[in-house]
Amino acid sequence: MSALIHPARRRSARSVLWHVGALVVLALVLYPLFWVLGSSLKPNEDIVGGLELFPTQPVFEHYRKLMDGIADIPVSTFFVNSLVLAFGSVAGVLFSCSLAAYAFARIDFRGRNLLFSLMIGTLLLPYHVLIIPQYVLFQKMELINTYVPLLLGKYLATDAFFVFLMMQFMRNLPRELDEAARLDGCGHPRIYWHIMLPLCRPALITSSIFTFIWSWNDFLGPLLYLNEPDKYPVSMGLKMFIDQDSAADYGGMVAMSVLALLPVLAFFLAFQRYLVEGAATSGLKG
Amino acid sequence: MTDIRTAPAPSPPDGGSAPRKAPAAPARRRARGENLAGYLFMSPWIVGFLLLTAGPMLASLYLAFTDYNLFDSPRFVGFENFTEMFSDPRWRKSVEVTTSYVLVGTPLKLAAALAVALLLNKERRGQGFYRAAFYAPSLVGASVSVAIVWRALFSDDAVVDRSLQVFGVHLGGWIGDPDMVIYALVALTVWQFGAPMVIFLAGLQQVPRELYEAAQMDGASAWRRFCSITLPMISPVLFFNLLLETIHSFQIFASAYVVTNSKCGPADAGLVYTCYLYEQGWTNLRMGYASAMAWMLLVSVGLVTAVLFWSQRRWVHYEEDVR
C-alpha cells in the first residue's frame, strides 16, 4: 500500500513525523525551564500546583519585591559578587591553562610525559579528597571569607580540562608556523603570544564560557569559604531564600532563580556552537 | 616578520647522524633552553599541582588517621576512623543512597542520551538547533536555581504529582517521601542527558555508512543493525561516557543538598555520600573522619574505574579489532 504513495511525499511525511517527535521530547526536556519563567509571574498561591504554564494575568510583584533585597542586602550585591568571581576565574584560566597547554603541545622539555600523566590523573580525581586539606590550608593562611580560595586554583591551572582542551587545539595547528617564526628568531614567549594565542581563539572562547558558567553555578566553594552574606554570590543568595522559607515565599525564590539563570542562558544562546562542540570533542561536563 | 635571508641558520637537527653521547654544543644549549622554557611555561601548573593537589592529597591521607577538629592539633588514632565507618549506620546509609543513585541514574541517563542521539543522528533541517537545545539542561543542571525548580516540581500536589495522577498513579510529593526522594534526584541527573548526548552524536557520525547499506542489502532489521553495527561501533564512546558519568555521579552534592532542603532527608533518604562528608567535616568539625570518608570515596571510585577498564576488553571494540 505504501508503494502507491510517491516516495518523495513519503519522505516528507516521515520528516514531519520526525520533527513532531523531536519537538515533543524537547518540550518535555525544556519544561522545567519554562515552568520557572512562567511561575515567576504567578501569584504565590498559584506557583506550586497551578497547572497552566504561563499565567493569563502575569504579576510582576516578585521581581519588584526582589529590588528590596533579602536580609537587608540588595540583590544586586549577589550579582556583582558573582560577576567578580566569574570574570576573575576566566582571566585566571585563560592565563594559566594556555601556558601549560603551550608547553605540552610545543615545547620538548624533559619530564613532559610524566607531568602530562599527572595532569590527566587529576582529571579523574574526586575533588572531595582535596577539599578538607585545602580548607585547612586556607584557614591557616587566614583566607577564609575572602575570594582567594575560590580563585587561586584558576590562576594555577588546576582545571586540567581546559589545559587538555587548549593543548588538543594547539596540536592541530601546523608545525610550520612555529618553525618559520623560529627561523625569524622568535623564542617561545613570542611564538606563544603572537602566533598560538590568536590562532587558538575558539578554544579560548570555549574555555572562557565554560569557566564563567561553572563559576556562576558553583555552590560548594562559596558554601565552604564564605560566611558573610554581603560577599555571597548568587548561588548562596538563593540559598538564603531557601533557609528563610518559613513564609514559603516561593515567588521571590522563583523570580531570583530566573535572574540567576539569565546570564547562563544568555551566554548559552550566544555561544552555543562553541559550547556544544567543545563538549563533544573533549567530553566536558556541563 | 623579518626577512628569511637575514635569519640565523637553523641549528643542526638533533639525532640522525649526530652522535648521541656528545651532541654539538648548540644542540645541547638548545635542549637546556627548551627545558627551561618548558618549566617556565609549566610553572603555574606545577605550583598549583604541588600546593592544591599533591600536597593536600598527602595531608588528607595523614588526616584520615587522626582525630582533628580544626582547632586542636591532629591526634593520631590509627585505623579508628575506618573501623568506626563500618559500624556507623548513617555512613552505611549514605553508601546505600549513593550506590542506588549511581546504579539507577547512570544507565538511565546514558540510555536517554543514546536514544536522543539516535533520533538526532539523521540529517534533518534544524539538527543544530535540537542538539543545542537538548544540551542546555546540562549547563544549568548543577545550579541552585534548578534545584529549587526541582523541589517545586516534585513536591506534594505539584506538576509531577498531578501529571502522574492523570495516569492513575498516585505517589504524592517525591521530595518528602523517603522512598521516592532518591528518584527525584535520579530524574534531575537524567534530565541532564545533553552532555553525554553530544558525545554520542560525535561517535555516531564516525560510523561508516557502508556498513548499514551492506546490512540492509542482507535484510537486517533496524534492531539488528543497531545491535550488530551501531552498538559495537560506538562502544568506545559508550565506555567513555559510562566512565565519566559514573565518576561524576559518585560526587553529587549541590543538587542533593538543595533539593532536600539542606537536610539530605527525609529520614536520611537523600543522604548522598558527599552530604554526609560535608556534615561530618563542617557541621560536626570531624575533619579526620571526613578525610577518611574522602579516601574511601577515592578508593571506591578508583576500584570502579579499574573494573570498568578491565571489563572493556569484553565489550569495547576498537578499530584494530574490527580489521
Is there a donor-acceptor contact under 3.5 Å from the side chain of [X] to the main chain of [Y]?
X      : Y      : answer
A:N217 : B:A142 : no
A:S96  : A:K154 : yes
B:T283 : B:Q280 : no
B:N81  : B:T66  : yes
A:R106 : A:M170 : yes
A:Q139 : A:I144 : no
B:W191 : A:V29  : yes
A:S82  : A:P233 : no

> Going by atom types alone, do B:Y257 and B:T274 pair a side-chain donor with an acceptor below 3.5 Å?
Replying inline: no
Check each atom of [X] against the heavy atoms of chain B and say whether the ones under 4.5 Å are side chain, backbone, both or neither.
X      : answer
A:I213 : side chain
A:F267 : neither
A:S235 : both
A:F271 : neither
A:E277 : side chain
A:H19  : both
A:S15  : both
A:L137 : side chain
A:L124 : both
A:I131 : both
A:M119 : both
A:L123 : neither
A:L23  : both

Between [X] and chain A, with a heavy-atom cut-off of 4.5 Å, which part of the residue counts as in contact: side chain, backbone, both or neither?
X      : answer
B:F154 : neither
B:L51  : both
B:L277 : side chain
B:S60  : both
B:F134 : both
B:W282 : side chain
B:V301 : side chain
B:L52  : both

Closest-packed option against chain B by number of heavy-atom pairs under 4.5 Å, given [options]:
options                       : answer
A:L30, A:V163, A:V258, A:L224 : A:L224
A:C186, A:A100, A:G21         : A:A100
A:A103, A:G187, A:P126        : A:P126
A:L115, A:V254, A:T122        : A:L115
A:L152, A:L118, A:I47, A:L28  : A:L118
A:V36, A:V264, A:L223         : A:L223

Taking every heavy-atom pair that is under 4.5 Å apart, which of [options] has the most such pairs with chain A?
options                        : value
B:F200, B:Y39, B:F193, B:F240  : B:Y39
B:A294, B:P44, B:G33           : B:P44
B:L63, B:I46, B:V144           : B:V144
B:G141, B:G281, B:A136, B:S155 : B:A136
B:R125, B:K122, B:R32          : B:R125
B:M293, B:M197, B:M287         : B:M287

> More than 12 heavy atoms of other residues, nucleotides or ligands under 6.0 Å from CZ of A:F109: is that the case?
Replying inline: yes
> Taking atom CZ of B:R124 as the centre, does the number of heavy atoms from other residues, nucleotides or ligands within less than 6.0 Å exceed 12?
Replying inline: yes
> Does a side-chain heavy-atom distance below 4.5 Å link B:W45 with A:L156?
Replying inline: no
>> Holding to salt bridge (charged side-chain N to carboxylate O under 4.0 Å, His left out), I want the full list of residues that pass it with B:R162, two or more places apart in sequence or in another chain.
In response: B:D157
>> Using ring pair (Phe, Tyr, Trp, His ring centres under 6.0 Å), reason through B:Y273 and B:F253 one step at a time and then give a plain yes or no.
In response: CA-CA 8 Å; B:Y273 198 83; B:F253 176 75; over 10 Å; no
> Got a second to check how far B:F41's CZ is from A:Y102's OH, nearest 0.5 Å?
Replying inline: 5.5 Å
>> Run the side chain to side chain contact (heavy atoms under 4.5 Å, CB included) test on B:F250 and A:H128 for me, step by step, so that the C-alpha distance in whole Å, both residues' side-chain angles and the decisive distance to 0.1 Å come before the verdict.
In response: CA-CA 10 Å; B:F250 269 106; A:H128 297 88; over 6 Å; no
> Parallel, tilted or perpendicular for B:F239 and B:F309, by the 30°/60° rule?
Replying inline: perpendicular
> Which residues satisfy the side-chain contact (heavy atoms from CB on, under 4.5 Å) test with B:D156, sequence neighbours excluded?
Replying inline: B:D161
> Of A:W214, A:F210, A:W216, which is the lone residue that meets side-chain contact (heavy atoms from CB on, under 4.5 Å) with A:F212?
Replying inline: A:W216
